[in-house]
Amino acid sequence: MIIGVGVDTVNIERFARITEETPAFVRRVFTPSERTRNTRSLAVRFAAKEAIAKVLGAPAGLNWQDCEVASTDAGAPYVRVRGTIAARARALGINRIHLSLTHDEPMAIAIATAEYLSQSELEHLRTFNPESYELTVLPDEDNEPVFSL
């Protein structure tokens, strides 16, 4: 079941100015591994974090560092959540997040889709597409797998 969809756009040139003028912004918003990326990639990752915040209802107290946008070896984006982001997702019944990212000057765009899958749907996903399971299913509060086969 789809719980929510969030979308955000970022003007890449404006984002570049902000990051140059306010280096603390980059340290506050992005994880160390995200900070190794170029400006276009950071802009689209910021859009992804904003889209995820919208899916979560953007409550006060979310820590941007608790949401990391990474990529598979093939380049597919996925999100790693922990702390405040994972707690909010669990509170909303979200156990899976999908991301779609694109950037084409001058814009970066991200769409986040949050869903709840039942235990049997999660088992099917894990059997049918193990990589998708590993990349999109949120762990429980102890950072353990949602289930074990």
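Counting from 1, the numbers follow the sequence of the chain as shown.
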Can you give me the closest heavy-atom contact between [X] and [Y], atom names plus distance?
{"X": "D104", "Y": "R40", "answer": "CA-NH2, 4.1 Å"}
{"X": "F15", "Y": "V10", "answer": "CB-CG1, 3.7 Å"}
{"X": "R27", "Y": "R35", "answer": "O-NH2, 3.3 Å"}
{"X": "I111", "Y": "V7", "answer": "CG1-CG2, 3.7 Å"}
{"X": "A51", "Y": "A110", "answer": "CB-O, 3.9 Å"}
{"X": "A112", "Y": "I52", "answer": "CB-CG1, 3.7 Å"}

message: Between T19 (side chain only) and A16 (backbone N and O only), is there a donor and an acceptor less than 3.5 Å apart?
response: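 Flag set: sc T19 to bb A16 pair under 3.5 Å.
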- request: Please assess V69 against L101 for the test side-chain contact (heavy atoms from CB on, under 4.5 Å), listing each intermediate value before the final yes or no.
  value: CA-CA 10 Å; V69 180; L101 310 178; 4.0 Å; yes
- prompt: Among E68, E34, Q65, which one satisfies side chain to side chain donor-acceptor pair (under 3.5 Å) with K49?
  reply: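 That would be E34.
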So, taking the atom named [atom1] in [X] and the one named [atom2] in [Y], what distance separates them when rounded to the nearest 0.5 Å?
{"X": "C67", "Y": "R82", "atom1": "SG", "atom2": "CZ", "value": "8.5 Å"}
{"X": "I3", "Y": "E115", "atom1": "CD1", "atom2": "CD", "value": "8.5 Å"}
{"X": "T39", "Y": "I18", "atom1": "OG1", "atom2": "CD1", "value": "12.0 Å"}
{"X": "D8", "Y": "K54", "atom1": "CG", "atom2": "NZ", "value": "4.0 Å"}

query: Just wondering, are more than 12 heavy atoms of other shown residues or ligands nearer than 6.0 Å to CZ in R14?
result: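 At most 12 heavy atoms, drawn from other residues, nucleotides or ligands, come within 6.0 Å of this atom.
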Look at the side-chain heavy atoms of Ile, Leu, Val, Met, Phe, Trp and Tyr, link any pair under 4.5 Å apart, and say whether [X] and [Y] land in one connected group.
{"X": "L62", "Y": "V79", "value": "yes"}
{"X": "L99", "Y": "I109", "value": "no"}
{"X": "F128", "Y": "L117", "value": "no"}
{"X": "V5", "Y": "Y116", "value": "no"}
{"X": "V81", "Y": "V44", "value": "yes"}

- request: List the steps and the verdict of side-chain contact (heavy atoms from CB on, under 4.5 Å) for M107 and N11.
  value: CA-CA 5 Å; M107 302 304 293; N11 180 291; 4.1 Å; yes
query: Could you go step by step and tell me if I97 and V55 meet the side-chain contact (heavy atoms from CB on, under 4.5 Å) rule?
result: CA-CA 10 Å; I97 297 176; V55 162; 6.0 Å; no
query: Salt bridge or not for R17 and E13, using N-O below 4.0 Å?
result: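 A salt bridge is present here (some side-chain N lies under 4.0 Å from a carboxylate O).
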query: Is any side-chain heavy atom of R88 less than 4.5 Å from a side-chain heavy atom of L92?
result: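 When only atoms from C-beta onward are counted, L92 and R88 do touch, with a gap below 4.5 Å.
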- request: For D66 and T84, test the side chains for any donor-to-acceptor distance below 3.5 angstrom and give the result as yes or no.
  value: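 Yes, T84 and D66 have a side-chain donor paired with an acceptor closer than 3.5 Å.
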- prompt: Side chains of R45 and S41: donor-acceptor distance under 3.5 Å anywhere?
  reply: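 Distance-only check passes for R45 and S41.
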task: List the steps, then state whether side-chain contact (heavy atoms from CB on, under 4.5 Å) holds for V29 with L42.
output: CA-CA 10 Å; V29 171; L42 285 178; over 6 Å; no
query: Which of parallel (below 30°), tilted (30 to 60°) and perpendicular (above 60°) describes F46 and W64?
result: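 Plane angle between 30° and 60°, so tilted.
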